[in-house]
Amino acid sequence: MSSSCSGNPLIMSPTRSFTTTEGHRPTIVHKRSLDILHDPWFNKGTAFTMTERDRLDLRGLLPPNVMSTDQQIDRFMADLKRLQVQARDGPSDPYALAKWRILNRLHDRNETMYYKVLIANIEEYAPIVYTPTVGLVCQNYGGLFRRPRGMYFSAEDRGEMMSMVYNWPADQVDMIVVTDGSRILGLGDLGVQGIGIAIGKLDLYVAAAGINPQRVLPVMIDVGTNNEKLLKDPLYLGLQRHRFEGEEYLAVIDEFMEAVFTRWPHVIVQFEDFQSKWAFKLLQRYRSTYRMFNDDVQGTAGVAIAGLLGAVRAQGRPMIDFPKQKIVVAGAGSAGIGVLNAARKTMARMLGNNESAFESALRQFWVVDANGLITDEREYIDPEARPFARKIKEIHRQGLKEGANLVEVVFASFLCLGNRIPVQASGFLPVEQVKPDVLLGLSAVGGLFSKEVLEALKGSTSTRPAIFAMSNPTKNGMFLVFDWGEAECTPEEAFSIIGDNIIFASGSPFNNVDLGNGHIGHCNQGNNMYLFPGIGLGTLLSGSRIISEGMLQAAAECLAAYMTEEDVAKGIIYPSISSIRDITKEVAAAVIKEAIEEDLAEGYREMDARELQKLNEEEIVEYVKNNMWSPEYPTLVYKQD
Ligand SMILES: NC(=O)C1=CN([C@@H]2O[C@H](COP(=O)(O)OP(=O)(O)OC[C@H]3O[C@@H](n4cnc5c(N)ncnc54)[C@H](O)[C@@H]3O)[C@@H](O)[C@H]2O)C=CC1
Ligand SMILES: CC(=O)C(=O)O
Ligand SMILES: [Mg+2]
């Protein structure tokens, strides 16, 4: 082929012919879009100019920053040199990152084989393609970037998105995971590099929910970054400007939503890792018009509810006792507030589902953020957190004050003299210490559940206190490169300080703890991965036009009910990741059932709304199972267009 090309440089000649005596004559190509990017002869990666991107239907298929060849080589060499240093320095070698590179190469080469490997070894490789390694991947995406995956819409593409969206080669897209890179796991603003999390989440959609990989689309909306390091990095792949704010920001997201729903009216859009200030606003803005949900707010909430109910059962109590649980939540961002709202609603439902139940449920929560315990004495409170601000009078009775720190809240030590509080009129009042049943962290602060906090939790009135250290990613021997954004504590710390009789869950995976004398301290993985794939699949197969509260609640209840009494008695409140495909099937079926009951289900393909109505529970599960894609090679035959 190379000889025929060199004979006629105008036809199928590789870009390297630019440097020949032929001068700078253009090369005519008979390919466009991804076919060019996947052809090593024609591909220039990030060096395609904007005009070329427009003429070759490449716009949106590459990170927005156009790079020179020198910059491309610098980026490649920097990555290569980093590998050399890591190999030489031994122990700090991020072995996990090497696994990610190998898997990623397979993903680029052969999707069927990639998903076969992932599904068959999900326990081993979910921590590579998903949390915690995906966090490291996003942090290093500049160096790791090779073949683009997914679409990039940038602030510079305003007015163009409706046409750009047609550059994606697939006529059907079922699932989009979109991020603006503003809060990637607990790692903060990673700008355009956040695309890694959208790719990782979609890997789970394929592996766990059996969504066809040809119909998934990771999307990065690049509205700039406020990460100063990236703004100064000459090799950064994204827009080097501060983030759009206010109406300008909303206009970009609105345009994106309109474009993707115009091209694929039945697509489902999962919002992922948007900073809280936008997460709630965008959810409110789109939830009743589009098929969308926010995974961090709504998926996490459902997973936490299932775990909290499991923790009640693990105490040998019925789930209906949930409204008696005293819960301290550290973190009042998108995830923390999502969990609090869902827990409040679940309690209120159990207490009669009326206004007073809804009000009284609030007394079960103490919310601590970066400024300490949130009370109504605080000058500025985020509107979403406001309902959870404790009344200062009540808090004083508990020996606490506005801004009390976590140890004080768990132990109620502030203002206390022995077990009494001094009050003006009557001298002393007995302290009603909090003594929480549950300590739940969604703070992105590694080590927040310090020795002192865990010691204080020994005073819990619960027979089996529960610790949910849900922040991601995590720090362990392999991930020395992370300096923040880790779990609030490790299972070893929790079991060794509080004792054997606890429930422990973390957002990223940890090993179980050997408690000696033949006993195991179980480390559950409390991660929204147990719900989002089933929510997406159930919505797709029901054909529901929106994702209702009821559908999300059904998903959470299904996950809670999945665990047997025997499991919860052993402290196992979440399934093992090895059963994620099975649990996802059940969750999807529960979502479909609820959509049918709420009269939202409009059907999917030949299963129309009326046919769906006729299905019993078992048949719904069977319907889900039959529609899950499995990685098998199909027989291919050639047919001309
Ligand atoms: N396990 C899971 O499935 C999920 C875990 N997460 C994790 O939760 C964490 C938080 O996510 P978002 O809520 O979206 O972030 P965010 O940035 O919106 O919220 C963080 C919250 O933590 C608070 N905080 C900071 N320092 C604190 C301290 N010293 N003590 C108490 N609170 C403190 C902040 O004031 C803020 O309210 C991240 O690490 C994320 O990876 C998020 C979604 C799902
Ligand atoms: C798991 C997840 O969605 C997060 O940490 O943001
Ligand atoms: Mg997330």
Side-chain angles (χ1 to χ4, degrees), residues 79 82-83 86-87 91-150 177 179 184-187 190 193-209 211 213 216 218 272-273 295 470-482 485-487 490 506-512 523-530 532-533 574-581 584 631:
D79 191 43
R82 195 163 39 234
L83 269 186
Q86 281 158 356
S92 65
D93 181 9
Y95 177 48
L97 214 46
K99 284 191 190 172
W100 183 88
R101 284 176 198 267
I102 294 173
L103 285 169
N104 187 51
R105 280 201 291 268
L106 179 58
H107 198 180
D108 285 345
R109 263 195 331 270
N110 182 333
E111 292 229 347
T112 311
M113 199 174 142
Y114 173 70
Y115 286 111
K116 246 186 186 327
V117 168
L118 186 57
I119 292 170
N121 304 279
I122 191 80
E123 216 162 333
E124 191 173 356
Y125 297 134
I128 305 295
V129 302
Y130 187 54
T131 183
T133 309
V134 73
L136 191 53
V137 169
C138 290
Q139 285 180 313
N140 292 285
Y141 207 70
L144 293 168
F145 175 83
R146 294 286 179 274
R147 176 185 279 194
R149 184 172 292 283
V177 175
T179 184
I184 297 299
L185 302 173
L187 303 168
L190 296 183
Q193 304 183 168
I195 183 109
I197 194 70
I199 295 170
K201 291 271 175 183
L202 283 166
D203 271 347
L204 289 194
Y205 265 109
V206 177
I211 301 284
V216 301
E272 192 65 46
D273 290 4
D295 180 39
M470 291 180 79
S471 289
N472 297 313
T474 184
K475 185 179 195 168
N476 65 33
M478 285 192 298
F479 299 106
L480 298 174
V481 261
F482 287 134
E486 304 137 13
T490 65
S506 55
S508 294
F510 283 92
N511 291 333
N512 289 338
C523 179
N524 296 279
Q525 190 176 358
N527 191 292
N528 50 29
M529 68 183 183
Y530 285 120
F532 71 77
Y574 291 114
S576 147
I577 184 148
S578 54
S579 46
I580 196 163
R581 217 167 148 94
T584 298

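Heavy atoms only, all atoms of each residue included: I577 and I122 are closest at O-CG2, 3.6 Å. Closest of all the heavy-atom pairs between L190 and C138 is CD1-CB, 3.6 Å. Counting all heavy atoms, side chain and backbone alike, G196 lies closest to Y141 at CA-CE1, 4.5 Å. For the residue pair C523 and F510, the shortest heavy atom distance occurs at SG-CB, 3.6 Å. Across all non-hydrogen atoms, the minimal contact from P218 to L202 is N-CD1, 3.3 Å. Taking both residues in full, the closest heavy atoms of A198 and V177 are given as CB-O, 3.4 Å, listed atom of the first, atom of the second, then distance.
Between P631 and I119, some side-chain heavy-atom pair lies under the 4.5 Å cut-off. In this structure the side chain of L187 reaches within 4.5 angstrom of the side chain of P473, judged on heavy atoms. Contact annotation: the side chain of T131 approaches that of Q525 to within less than 4.5 Å [non-hydrogen atoms, C-beta and beyond]. Between R105 and I102 the shortest side-chain heavy-atom distance falls below 4.5 Å. You'll find the side chain of V134 reaches within 4.5 Å of the side chain of L185, heavy atoms only.
Applying the salt bridge (Lys or Arg N to Asp or Glu O under 4.0 Å) test to pairs two or more places apart or on separate chains, those with a residue in residues 135-147 are D79-R146.
Scored by the side chain to side chain contact (heavy atoms under 4.5 Å, CB included) test, A208 finds P533, I580, T584 as partners (sequence neighbours excluded). With sequence neighbours excluded, the residues that form a side chain to side chain contact (heavy atoms under 4.5 Å, CB included) with T179 are I184, I197, M220, D273. Every residue two or more places apart in sequence or in another chain that forms a side-chain hydrogen bond (donor to acceptor under 3.5 Å, both in side chains) with Y114 is listed here: D203. Residues satisfying the salt bridge (Lys or Arg N to Asp or Glu O under 4.0 Å) test with E111, not counting sequence neighbours, are R149. Partners of N110 by side-chain hydrogen bond (donor to acceptor under 3.5 Å, both in side chains), not counting sequence neighbours, listed by chain and number: Y633. Scored by the side-chain hydrogen bond (donor to acceptor under 3.5 Å, both in side chains) test, S578 finds S576 as partners (sequence neighbours excluded). Qualifying ring pair (Phe, Tyr, Trp, His ring centres under 6.0 Å) partners for F532, counting only residues two or more places apart in sequence or in other chains: Y205. The side chain to side chain contact (heavy atoms under 4.5 Å, CB included) test applied to P148 returns L37, L62, F145, not counting sequence neighbours. Remark: E272 engages K201, Q270 in a side-chain hydrogen bond (donor to acceptor under 3.5 Å, both in side chains) (not counting sequence neighbours).
In this structure, the separation between CG on N524 and CE on M470 is 11.0 Å, given to the nearest 0.5 Å. To the nearest 0.5 Å, atoms CG (L204) and CD1 (I199) are separated by 13.0 Å. A distance of 10.5 Å separates CG in N104 from CG in L97, rounded to the nearest 0.5 Å. In this structure, CG in D108 is found 11.5 Å from CG in L103, a value given to the nearest 0.5 Å. Atoms CZ and CG, from R101 and L144 in turn, are 5.0 Å apart once rounded to the nearest 0.5 Å.
A donor-acceptor pair under 3.5 Å is absent between the side-chain atoms of Y130 and the main chain of S508, judged by distance alone.
Around CG of N511, the count of heavy atoms belonging to other residues, nucleotides or ligands within 6.0 Å does not exceed 12.
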